[in-house]
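All remarks here apply to the structure that follows.
What you see is a predicted model; the values in this text were computed from it and never measured.
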Number of protein chains: 2
Amino acid sequence: MTQSLKAGQHQFRSGCSISRTLELFGDKWTLLVVRDLMWHGKHTFQELQRSDEHVPSNILSQRLRRLMDWGLLSRTPYQDRPVRYAYHLTGKGRSLEPVLLQVMAWGHENLDGGLYDPETGVSKS
Amino acid sequence: MTQSLKAGQHQFRSGCSISRTLELFGDKWTLLVVRDLMWHGKHTFQELQRSDEHVPSNILSQRLRRLMDWGLLSRTPYQDRPVRYAYHLTGKGRSLEPVLLQVMAWGHENLDGGLYDPETGVSKS
DNA sequence: AAAGAAACTTTAAAAATGCAAGTCACTAGG
DNA sequence: CCTAGTGACTTGCATTTTTAAAGTTTCTTT
């Protein structure tokens with residue numbers, strides 16, 4: 001039994017937009033799923049599962065359901081017999097692109113290079 | 001003993017800048033601490049603990065340590081007898097502002113009603 | 001001496017995560 | 001028909017993280 005909170009039934013911790021956004025994306029996987037759907041042309045469960053970061057299948061399943069519940073993506077069958085589904089971002093989902101770009105830019109400028117040494121302040125791979 | 005993973009010893013899951021950023025900020029609290037330091041003029045442990053979202057004290061403690069380990073903020077004594085500390089963002093920490101603004105904008109437009117103005121510090125639902 | 005405050009830490013329970021294995025609906029081959 | 005294989009999940013269970021509440025430490029004030 002899963003508890004997939006629909007957006008309409010969710011009680012936010014506070015009125016802050018940052019806090020609210022974190023209640024949806026405040027984990028290590030959700031934005032990666034959005035990244036792969038948005039830029040990497042991955043649309044099936046299997047393709048999404050085979051990202052560089054190796055998201056566990058149960059986590060992926062739960063995240064896809066949550067994103068659908070929130071109206072950020074939709075699922076459509078791409079074949080019958082047997083039925084197989086493809087996931088696509090909705091307009092709301094695609095509106096996350098500026099967020100993703102900003103996060104990527106920050107990471108690129110500050111976390112690039114594999115390992116970061118706080119002693120020297122030097123990044124190294 | 002608590003495990004405060006120093007940045008230098010941290011092994012990233014992948015080379016993706018988004019994934020890397022999520023390994024630091026992929027939780028429900030870290031960005032809120034940054035928000036309060038950046039815009040709300042909160043600098044002591046107690047002030048940070050009294051946010052609208054009520055971060056548990058052990059989580060706050062751990063997050064502050066992590067952010068310091070990563071060089072995003074620093075701690076300085078603001079009084080002796082007894083010694084009390086104030087936390088401040090470093091330049092690197094302040095460089096998160098565009099990310100925060102983008103996240104806030106998205107939440108404001110999509111998560112219904114969570115108004116927050118960094119200028120006035122006003123939030124209302 | 002007693003009470004209070006700030007900044008944490010500890011403890012135990014609850015929830016989330018990660019890994020491996022299993023299920024279900026079919027299809028293709030022998 | 002029987003077996004193997006594929007895609008999309010689900011289940012079980014051990015591990016990790018989060019949470020709420022209570023406790024600790026240091027020093028000041030009454």
Applying side-chain contact (heavy atoms from CB on, under 4.5 Å), can you list everything that pairs with [X], at least two apart in sequence or on another chain?
X       : value
B:Pro82 : B:Gln79, B:Arg84
A:Ser51 : A:Arg35, A:Asp36, A:Lys42, A:Glu53, A:Val55
B:Ser61 : B:Phe45, B:Arg65
A:Met68 : A:Leu73, A:Arg75, A:Tyr87

Rounding to 10°, can you tell me the angle the first-five-pair axis of the helix from C:dA1-D:dT30 to C:dG30-D:dC1 makes with its last-five-pair axis?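 Rounded value for the end-axis angle: 20°.
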
Taking only residues two or more places apart in sequence, or in another chain, which ones meet B:His88 in a ring pair (Phe, Tyr, Trp, His ring centres under 6.0 Å)?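 Ring pair (Phe, Tyr, Trp, His ring centres under 6.0 Å) check on B:His88 returns B:His43.
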
Measure from [atom1] on [X] to [atom2] on [N] and round the result to the nearest Å.
X       : N      : atom1 : atom2 : result
B:Arg66 : D:dT18 : CZ    : P     : 7 Å
B:Asn58 : C:dA13 : CG    : P     : 16 Å
B:Gln62 : C:dT9  : CD    : P     : 10 Å
B:Arg63 : C:dT9  : CZ    : C1'   : 16 Å
A:Leu22 : D:dT18 : CG    : P     : 13 Å
A:Leu60 : C:dA16 : CG    : P     : 18 Å

Those residues that, when tested against B:Ser95, pass side chain to side chain donor-acceptor pair (under 3.5 Å) (two or more places apart):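 If we apply the side chain to side chain donor-acceptor pair (under 3.5 Å) test to B:Ser95, skipping adjacent residues, the hits are A:Trp106.
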
With B:Gln46 via side chain to side chain donor-acceptor pair (under 3.5 Å) - residues at least two apart: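 Only B:Arg50 meet the side chain to side chain donor-acceptor pair (under 3.5 Å) criterion with B:Gln46.
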
Residue pairs involving residues 85-95 of chain A (criterion salt bridge (charged side-chain N to carboxylate O under 4.0 Å, His left out); sequence neighbours excluded):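 For residues 85-95 of chain A: none.
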
Per the salt bridge (charged side-chain N to carboxylate O under 4.0 Å, His left out) rule, what does the pair list look like for residues 25-34 of chain B, sequence neighbours excluded?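 Every salt bridge (charged side-chain N to carboxylate O under 4.0 Å, His left out) pair that includes a residue of residues 25-34 of chain B, provided the two are not neighbours, is B:Asp27-B:Arg63.
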
Please report the closest heavy-atom contact between B:Ser17 and A:Met104, naming both atoms and the distance.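 Result for this residue pair: CB-O, 3.4 Å.
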
Close approaches to DNA chain C from residues 24-37 of chain A, in residue order (heavy atom, under 4.0 Å):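 Those residues are A:Asp27, A:Trp29.
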
Every protein N/O lying under 3.5 Å from an N/O of nucleotides 6-9 of chain D:
residue: D:dG7; atom: OP2; partner: A:Gln46; partner atom: OE1; Å: 2.9
residue: D:dG7; atom: O5'; partner: A:Gln46; partner atom: NE2; Å: 3.2
residue: D:dG7; atom: O4'; partner: A:Arg84; partner atom: NH1; Å: 2.8
residue: D:dA8; atom: OP1; partner: A:Tyr78; partner atom: OH; Å: 3.2
residue: D:dA8; atom: OP2; partner: A:Gln46; partner atom: N; Å: 3.0
residue: D:dC9; atom: OP1; partner: A:Arg75; partner atom: NH1; Å: 3.0
residue: D:dC9; atom: OP2; partner: A:Tyr87; partner atom: OH; Å: 2.5

